[in-house]
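Remember, it's a predicted structure, so these values are computed and weren't measured experimentally. Just so you know, these numbers use all the heavy atoms, side chains as well, and skip hydrogens, waters and symmetry mates. Reminder, nothing fancy here: chain letters follow the sequence lines and each chain counts from 1.
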2 protein chains.
Amino acid sequence: MDIERSISALNNPVRRQILEWLKDRSNFPPALPGHEDLEGVCVAYIQEKAKLSQSTISNYMGLLKQAGFVNAERHGQWTFYRRDEKNIQAFLAAVQDELLKS
Amino acid sequence: MDIERSISALNNPVRRQILEWLKDRSNFPPALPGHEDLEGVCVAYIQEKAKLSQSTISNYMGLLKQAGFVNAERHGQWTFYRRDEKNIQAFLAAVQDELLKS
DNA sequence: TCCATAAATCGAAATATCTCGATATATTGT
DNA sequence: ACAATATATCGAGATATTTCGATTTATGGA
């Protein structure tokens with residue numbers, strides 16, 4: 001739990017928006033054929049919704065991953081990103097601790 | 001509750017450290033004579049502990065104030081800063097909401 | 001009024017972040 | 001092996017943040 005890296009990753013409205021979108025798979029187009037069982041969303045779908053360049057979104061997802069907010073799973077040529085709820089909880093607990101604990 | 005501004009203010013280790021120090025008045029030298037009743041801490045004390053320049057700390061306290069994390073109270077030539085626990089709670093609730101609420 | 005002190009603001013240099021297009025890498029299908 | 005597609009990485013320009021010293025403003029005391 002690197003709080004520095006996590007806050008830095010959250011310090012951008014598009015990255016926060018992506019984390020919100022990822023709460024619900026139905027914010028994106030249907031899964032690609034053969035990947036219906038996967039929870040995650042590919043970079044191209046996220047890019048389309050965020051309306052930023054492919055490289056920017058790839059970079060953003062890398063930052064969110066380093067911060068622990070998402071997991072990446074490669075399947076063939078696609079990387080499927082999904083929220084890591086456990087780490088998100090852990091982050092919230094850590095911030096709460098830092099801001100409130102005596 | 002401007003979450004953008006709040007996260008931005010927290011996105012700096014010294015500012016987070018200051019918020020932690022302000023949890024406990026005894027992290028700083030005793031109050032100036034005649035101000036023993038005040039909860040807050042003057043800029044000079046914070047600066048001394050943070051070991052950054054006066055202008056930097058004044059700027060930091062301004063950012064923390066704009067974000068709502070601290071209140072400023074002017075008494076004579078001093079500005080006394082203290083945590084705004086209500087707003088800190090509100091911020092935590094808002095982040096929790098943004099990160100978790102469906 | 002003049003001086004000293006505290007804090008805020010200004011201007012600037014160094015560093016970091018944002019964002020892009022171009023390129024590289026990995027994988028799949030022909 | 002080749003072409004097509006998805007993603008990652010690279011290099012760079014624009015913008016923002018960090019941090020400083022110098023200056024300004026506000027206050028209190030001699």
K.L.:
State which of C:dA6, C:dA8, D:dT7 makes the closest approach to the side chain of A:Trp78.
P.N.:
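Looking only at side-chain atoms, A:Trp78 lies closest to D:dT7.
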
K.L.:
I want to check one thing: is the phosphate of D:dA6, taken as OP1 and OP2, less than 4.0 Å away from some side-chain N or O of A:Tyr81?
P.N.:
no

K.L.:
Please give, in whole Å, the distance from D:dT18 C1' to B:Met61 CE?
P.N.:
17 Å

K.L.:
Rounded to whole angstroms, how far apart are NE2 on B:His75 and C1' on C:dT5?
P.N.:
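So the two atoms are 18 Å apart, to the nearest Å.
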
K.L.:
Nearest 0.5 Å, please: how far is CG in A:Leu52 from CD in A:Gln47?
P.N.:
8.5 Å

K.L.:
Expressed in angstrom and rounded to an integer, what is the separation of A:Gln47 atom CD from D:dA6 atom C1'?
P.N.:
10 Å

K.L.:
Give me the atom names and distance for the closest heavy-atom approach of A:Asp84 to A:Gly68.
P.N.:
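Minimum heavy-atom contact is CB-O, 3.4 Å.
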
K.L.:
Give one of base, sugar-phosphate or nothing for B:Thr79, where a contact means two heavy atoms less than 4.0 Å apart.
P.N.:
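B:Thr79: backbone/sugar contact only, no base atoms under 4.0 Å.
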
K.L.:
Under a 4.5 Å side-chain heavy-atom rule over Ile, Leu, Val, Met, Phe, Trp and Tyr, are A:Met1 and B:Ile7 clustered together?
P.N.:
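Yes; B:Ile7 is reachable from A:Met1 via cluster members.
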
K.L.:
What I'd like to find out is whether the side chain of B:Arg16 reaches to under 4.5 Å of the side chain of B:Leu19, using heavy atoms alone.
P.N.:
no

K.L.:
With a 4.0 Å cut-off on heavy atoms, is B:Leu52 in touch with a base, just the backbone sugar-phosphate, or nothing at all?
P.N.:
sugar-phosphate

K.L.:
Mapping B:Asn11 and B:Ala72 to their closest nucleotides on DNA chain C, which lands nearer the 5' end?
P.N.:
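Going by which nucleotide is closer to the 5' end, it is B:Ala72.
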
K.L.:
I'd like to know if B:Ser55 reaches the base of D:dG21 with its side chain, counting only an N/O donor and acceptor under 3.5 Å.
P.N.:
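Check passes, donor-acceptor contact within cut-off.
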
K.L.:
Which is true for B:Asn59 with a 4.0 Å heavy-atom rule: it touches a base, it touches only sugar-phosphate, or it touches nothing?
P.N.:
base

K.L.:
Starting from C1' on C:dT9, measure out to CD1 on B:Ile57 and report it in whole angstrom.
P.N.:
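From B:Ile57 CD1 to C:dT9 C1': 16 Å.
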
K.L.:
Does OP1 or OP2 of D:dT7 have a side-chain N or O of A:Ser58 closer than 4.0 Å?
P.N.:
no

K.L.:
Specify the separation, in whole Å, of atom CD of A:Gln77 and atom C1' of C:dT28.
P.N.:
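From A:Gln77 CD to C:dT28 C1': 6 Å.
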
K.L.:
For B:Lys51 and D:dT18, what is the distance between atoms NZ and P respectively, to the nearest whole Å?
P.N.:
21 Å

K.L.:
Is it the case that atom NZ in B:Lys49 sees more than 12 heavy atoms from other parts of the structure closer than 6.0 Å?
P.N.:
yes

K.L.:
Side chain of A:Val43 only, heavy atoms from C-beta on: which candidate in C:dA7, D:dA8, D:dT17 is closest?
P.N.:
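Selected nucleotide: D:dA8.
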
K.L.:
Rounded to whole Å, please give me the gap between NZ in B:Lys65 and C1' in C:dT9.
P.N.:
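These atoms are roughly 15 Å apart.
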
K.L.:
Between the side-chain atoms of B:Gln54 and the base atoms of C:dA8, is any donor-acceptor pair under 3.5 Å?
P.N.:
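Donor-acceptor pair under 3.5 Å: yes.
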
K.L.:
If the cut-off is 4.0 Å, is A:Arg74 near the phosphate of D:dA6, judged by side-chain N/O to OP1 or OP2?
P.N.:
no

K.L.:
Nearest to the side chain of A:Thr56 - C:dC20, C:dC18, D:dC20?
P.N.:
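For the A:Thr56 side chain, the nearest candidate turns out to be C:dC20.
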
K.L.:
To the nearest Å, how far apart are A:Ile18 CD1 and C:dC18 P?
P.N.:
12 Å

